[in-house]
Protein chains: 2
Amino acid sequence: MSLRHAALGLLALRGEASGYDLLGIFNESLEHVWPATQSQLYTELGKLTDAELVQVVAEGGRGRKAYAVTEAGRKEFEHWLLEEPPTTNRRNDMLLRVFFLGLVPPEQAREFLLGRAAAAAEMHERLRGVEESLTGEQGPLAVHGRIALEWGLRYSAMQDEWARWAAGQLTAEGAAEQPG
Amino acid sequence: MSLRHAALGLLALRGEASGYDLLGIFNESLEHVWPATQSQLYTELGKLTDAELVQVVAEGGRGRKAYAVTEAGRKEFEHWLLEEPPTTNRRNDMLLRVFFLGLVPPEQAREFLLGRAAAAAEMHERLRGVEESLTGEQGPLAVHGRIALEWGLRYSAMQDEWARWAAGQLTAEGAAEQPG
DNA sequence: CGCCGACATTCCACTGTTGACAGGTCGTCG
DNA sequence: CGACGACCTGTCAACAGTGGAATGTCGGCG
């Protein structure tokens, strides 16, 4: 149920915004952190209004409704942000595959792992590019964006090293099975 | 749709098993990689049977049905394992919170990050314990289990270091804002 | 024998996510 | 003017995942 809090947070950052505005932010800034679709967002804004966590503060042309968080909404948001423990991602597609890697020949397993390493390295380079385009930017949003980016950099580096290490383990295993 | 492939993989490893058997494995070995509930698993086994990827090879007491993968099932499984690119986890609850950390006082933001570091360190220690209980184990399953475990160790270490680094960034920022 | 716990399957109601569809308004460029 | 693209809101069906309840069987222990 974090879409609700993402919407509250964006409204808190922006002061006021329409569903359409929020959708733009979701597709730009939050695309890799918490994607959301139109239908989901408009539905959620409706529910938030019913729960009186946000309210319509202006209506403009083309049916536009500008929303802003209420006092209750702000409270709910801060409670989520600081007091609810973040739910760890329990499912991991790649580790599931690793679990079954013994079912295919070692050479194919090794290829799989090296493929993962390459994908991680590619992601790392992409993020390095983003990092460079960010140097010189100022403000608190740049600070927190930079922190999130650093997570991605460290994550992809970790994944790259781990996958290459794991491939090495398989090679060692194969060598041990066929000595001499 | 990976539950389907997890079930196929477990059946391939085990040769044959009932829904109840599989559920036990999901709760033990796959709990932190791909959890599944009763209702989900039995439903999936029904669908897999309809699709002729598995078949009932024996019926025992208490309504027990033992399943095994068919040739088509094995093919489908290997295709998934080696050729379909693993889907990266797109949503990250913690990074979403980081994105909004500018909305609360720096001291609270710092506390949040240090809390995350502590949680990661705790997870790391827990995994270290699992690692120790694994030394001496043999066999290919131990090898791949060890590789998955190593991922967890590196992931938690990375998260711990990152969170402490990030907390430092906020301190530096606060210090820069209030010099002298 | 009677009960209990492990074994074993199935159904239901609910939430979250996705993608497609449908409808309407405003500004501007040719 | 007319068409087009950007703006803006909404509904629907389908599916994955969660949690709980209902139902029944078998083996062993007191």
Side-chain angles (χ1 to χ4, degrees), chain A residues 1-8 10-11 14 16-28 30-51 54-67 80 84 87-93 96, chain B residues 1-8 10-11 14 16-28 30-51 54-67 80 84 87-93 96:
Chain A
M1 260 252 296
S2 279
L3 172 66
R4 143 163 297 186
H5 301 107
L8 280 173
L10 288 183
L11 281 175
R14 280 292 190 99
E16 68 176 69
S18 68
Y20 191 83
D21 292 338
L22 293 184
L23 200 59
I25 310 183
F26 269 103
N27 289 337
E28 284 163 36
L30 289 182
E31 198 193 349
H32 301 294
V33 172
W34 207 276
T37 57
Q38 246 189 12
S39 44
Q40 225 185 325
L41 186 53
Y42 281 113
T43 306
E44 195 58 52
L45 282 172
K47 286 191 208 162
L48 282 167
T49 306
D50 289 346
V54 305
Q55 63 187 97
V56 177
V57 292
E59 305 205 21
R62 309 176 219 199
R64 181 183 216 269
K65 294 185 212 163
Y67 293 88
W80 166 79
E84 278 180 40
T87 60
T88 12
N89 268 338
R90 297 183 66 195
R91 294 196 168 79
N92 189 320
D93 196 345
L96 181 62
Chain B
M1 260 252 297
S2 281
L3 172 66
R4 140 164 298 186
H5 300 108
L8 280 173
L10 289 182
L11 282 175
R14 280 292 191 100
E16 68 176 67
S18 67
Y20 192 83
D21 292 338
L22 292 184
L23 200 59
I25 309 182
F26 269 104
N27 289 337
E28 283 164 37
L30 290 181
E31 198 195 348
H32 301 296
V33 172
W34 206 275
T37 58
Q38 252 188 7
S39 41
Q40 225 185 324
L41 185 53
Y42 282 112
T43 307
E44 195 58 51
L45 283 172
K47 285 191 210 162
L48 282 167
T49 306
D50 290 347
V54 306
Q55 63 187 97
V56 177
V57 291
E59 304 205 19
R62 309 176 220 199
R64 182 184 216 268
K65 293 185 212 161
Y67 294 88
W80 166 78
E84 278 180 41
T87 59
T88 13
N89 268 337
R90 298 182 66 194
R91 294 196 167 79
N92 190 320
D93 196 345
L96 181 62

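First the proteins, then the strands, lettered A, B, ... as listed; each starts at 1. Side-chain atoms are counted along with the backbone in the values below, which use heavy atoms only and exclude waters and symmetry mates.
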Atom-to-atom span, [atom1] of [X] to [atom2] of [N] - whole angstrom:
X: A/Leu22; N: D/dC8; atom1: CG; atom2: P; result: 11 Å
X: B/Leu45; N: C/dT10; atom1: CG; atom2: C1'; result: 12 Å
X: A/Phe26; N: C/dG16; atom1: CZ; atom2: C1'; result: 14 Å
X: A/Asn27; N: D/dC7; atom1: CG; atom2: C1'; result: 14 Å
X: A/His5; N: C/dT15; atom1: NE2; atom2: P; result: 15 Å
X: A/Lys47; N: D/dT11; atom1: NZ; atom2: C1'; result: 14 Å
X: B/Tyr20; N: C/dC7; atom1: OH; atom2: P; result: 4 Å
X: B/Asn89; N: D/dG17; atom1: CG; atom2: P; result: 12 Å

Below 4.0 angstrom from OP1 or OP2 of [N], is there any side-chain N or O of [X]?
X: B/Lys65; N: C/dC7; value: no
X: B/Arg64; N: C/dA8; value: yes
X: B/Tyr42; N: C/dT10; value: no
X: A/Gln40; N: C/dG16; value: no

Touch class at under 4.0 angstrom, heavy-atom based, for A/Ser18 against every strand present: sugar-phosphate
Sugar-phosphate only, base, or nothing, as touched by A/Arg90 at under 4.0 Å among non-hydrogen atoms: nothing
Matching residue for B/Lys47 among B/Asp50, B/Thr43, B/Thr49 - test: side chain to side chain contact (heavy atoms under 4.5 Å, CB included):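 Per the side chain to side chain contact (heavy atoms under 4.5 Å, CB included) rule, the option paired with B/Lys47 is B/Thr43, out of B/Asp50, B/Thr43, B/Thr49.
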Atom CZ of B/Arg14 with >12 non-hydrogen neighbours under 6.0 angstrom: no
Side chain to side chain contact (heavy atoms under 4.5 Å, CB included) between B/Tyr67 and B/Leu10, worked out: CA-CA 11 Å; B/Tyr67 294 88; B/Leu10 289 182; over 6 Å; no
Residues A/Arg91, B/Leu3; criterion side chain to side chain contact (heavy atoms under 4.5 Å, CB included); working and verdict: CA-CA 10 Å; A/Arg91 294 196 168 79; B/Leu3 172 66; over 6 Å; no
Point-to-point distance, once rounded to the nearest 0.5 Å, from CG of B/Leu11 to CD of B/Gln55: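 One gets 11.0 Å once the value is rounded to the nearest 0.5 Å.
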Position toward the 5' end of DNA chain C (nearest nucleotide), B/Asp21 or A/Trp34: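 Nearest nucleotide further toward 5': that of B/Asp21.
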Given DNA chain C, 5'-ward residue of the pair A/Gly63 and B/Gly19, judged by closest heavy atom: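 It is B/Gly19 whose nearest nucleotide is closer to the 5' end.
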Heavy-atom donor-acceptor pair, B/Gln38 side-chain to D/dA21 base, under 3.5 Å: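 Flag set: donor-acceptor pair detected.
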Check: B/Ser39 side chain, D/dG19 base, donor-acceptor under 3.5 Å: yes
Given DNA chain D, 5'-ward residue of the pair A/Arg62 and A/Thr43, judged by closest heavy atom: A/Arg62
